[in-house]
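Only a predicted model underlies this, so the values are computations on that prediction, with no experimental measurement involved.
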Amino acid sequence: MRIFDPHIHMTSRTTDDYQAMHTAGVRAVVEPSFWLGQPRTSPASFLDYFDSLLGWEPFRAAQYGIAHHCTLALNPKEANDPRCAPVLDELPRYLVKDQVVAVGEIGYDSMTPAEDTAFAAQLQLAADHDLPALVHTPHRDKLAGLRRTLDVIRESALAPDRVLVDHLNETTVKEAKDSGCWLGFSVYPDTKMDEERMVAILRSYGPEQVLVNSAADWGRSDPLKTRKVADLMLAEGFTEDDVDRVLWRNPVAFYGLSGRLNLDIAPTEATHEGNSILRGGA
């Protein structure tokens, strides 16, 4: 079984997670830039973070046979902090990097005017750079948030079939599917979706343009949820081809829209800028 986790925050995970993911069949990941928990106070901290997603994290992933790409953006939560807004001016020089396969996460957290501005501006950046977009739908007021999200997408220069609308659930899946966007589902231990609900949605709506992710981060989360969804799909009568479509071919197709997706694992040097993943080593 081959698995592509299209939304996972490996910055928050250990190298043991990379090893367990490889054992479970994960061979590729996309890591969206996101809110790190501790508020950032200047654009400079974003730029160091972006650099780590383009350098150190792909190096770590490659040690365990996993291809790593990223999406970059000013996230919705920090779009509300005027100290962070200048990141929008810095993004164009990052969006030309080979490892960047979409603009994201963008969208809404609290549906504020500042989020409106950042969302629209970054959809335009995606169109300008011929990149798809990964859109975060809010965790509260989900249906209202989805409808506002889709309105902004329709008004943008980016076609819906170049947008992945993430964090969907039973209340939002139909309208998201009708919009023509790609459909993203985050599977968590306690919140968002679980395996059983995810399989029920696949049974109702089919596997077309559906991406399943673990969204594993610094909270209680599980980087093996993609494999657990795949196993339950098989147990519930889905075919191996269905599993491969949802867990591999769909994310390859979506992020392949960037023209930059490279799933070959190139041999790496023993260190990245003088550092290894071996504590006590180089």
Side-chain angles (χ1 to χ4, degrees), residues 5-13 28-62 66-109 114-136 152-153 156-158 162-164 166 184 213 215 217 251 254-263 266 268 272-273 275:
D5 192 326
H7 182 153
I8 185 169
H9 300 291
M10 294 307 298
T11 294
S12 308
R13 312 302 304 192
V29 299
V30 166
E31 179 162 1
S33 59
F34 81 133
W35 176 58
L36 293 176
Q38 174 66 31
R40 282 172 281 213
T41 59
S42 75
S45 57
F46 280 86
L47 304 187
D48 286 338
Y49 172 49
F50 292 167
D51 287 341
S52 75
L53 295 182
L54 292 164
W56 174 246
E57 216 50 59
F59 169 80
R60 277 214 306 159
I66 295 174
H68 181 289
H69 295 79
C70 66
T71 76
L72 300 182
L74 172 62
N75 67 82
K77 188 173 183 68
E78 288 176 300
N80 293 295
D81 189 335
R83 297 174 299 179
C84 301
V87 173
L88 294 173
D89 298 324
E90 301 289 346
L91 274 171
R93 67 187 176 94
Y94 280 92
L95 296 180
V96 299
K97 303 289 186 180
D98 287 344
Q99 293 296 114
V100 180
V101 292
V103 176
E105 297 177 60
I106 60 177
Y108 287 115
D109 178 59
E115 291 171 23
D116 285 330
T117 299
F119 186 17
Q122 291 180 102
L123 285 171
Q124 185 61 53
L125 282 174
D128 292 344
H129 289 81
D130 198 25
L131 288 171
L134 170 61
V135 174
H136 170 105
V152 176
I153 293 169
S156 77
L158 203 62
R162 295 182 66 82
V163 178
L164 170 58
D166 212 343
N213 67 72
D217 57 14
F254 177 73
Y255 287 114
L257 295 171
S258 68
R260 300 176 184 172
L261 193 66
N262 181 3
L263 299 175
T268 65
H272 173 71
E273 296 188 357
N275 296 311

- Residue of the set Leu95, Thr117, Leu72, Leu91 for which side-chain contact (heavy atoms from CB on, under 4.5 Å) holds with Gln122: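 Running side-chain contact (heavy atoms from CB on, under 4.5 Å) over Leu95, Thr117, Leu72, Leu91 with Gln122 returns exactly one hit, Leu91.
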
Does [X] reach the side chain of [Y], with side-chain heavy atoms less than 4.5 Å apart?
X      : Y      : result
Ile8   : Asn213 : no
His69  : Arg260 : no
Trp35  : Asp109 : no
Val135 : Tyr108 : no
Arg40  : Asn75  : yes
Arg83  : Ser42  : no

- Query: Which of these, His136, Glu105, Glu31, sits in a side chain to side chain donor-acceptor pair (under 3.5 Å) with His7?
  - Reply: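 For His7, the side chain to side chain donor-acceptor pair (under 3.5 Å) check succeeds only for Glu105.
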
What closest approach, in Å, do [X] and [Y] show between heavy atoms, and which atom pair accounts for it?
X      : Y      : result
Ala79  : Leu74  : CA-CD2, 3.9 Å
Leu47  : Glu90  : CD2-CB, 3.9 Å
Ala73  : Val103 : CB-CG1, 4.2 Å
Tyr94  : Val100 : O-CG2, 3.5 Å
Asp166 : Gly184 : OD1-C, 3.1 Å
Leu158 : Ala126 : CD2-CB, 3.9 Å

- Are Lys97 and Asp51 ion-paired here, with the side-chain N under 4.0 Å from a carboxylate O?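 Not counted as a salt bridge, because no side-chain N and carboxylate O are separated by less than 4.0 Å.
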
Would you find a donor on one side and an acceptor on the other, under 3.5 Å apart, between the side chain of [X] and the backbone of [Y]?
X      : Y      : answer
Asn80  : Lys77  : yes
Tyr255 : Leu261 : no
Ser33  : Gly104 : yes
Arg60  : Met10  : yes
Gln99  : His68  : yes

Inter-residue atom distance [X].[atom1] - [Y].[atom2], 0.5 Å rounding:
X      : Y      : atom1 : atom2 : value
Leu125 : Leu88  : CG    : CG    : 7.0 Å
His129 : Gln124 : NE2   : CD    : 10.5 Å
Cys70  : Phe50  : SG    : CZ    : 9.0 Å
Phe46  : Thr41  : CZ    : OG1   : 9.5 Å

- Task: Can you label the angle between the Tyr49 ring and the Phe34 ring as parallel, tilted or perpendicular, going by 30° and 60°?
- Result: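 Tyr49 and Phe34: tilted rings.
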
- Counting only heavy atoms not in Asp128, do more than 12 sit closer than 6.0 Å to its CG atom?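 Yes, CG of Asp128 has more than 12 neighbouring heavy atoms, counting only those of other groups under 6.0 Å.
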
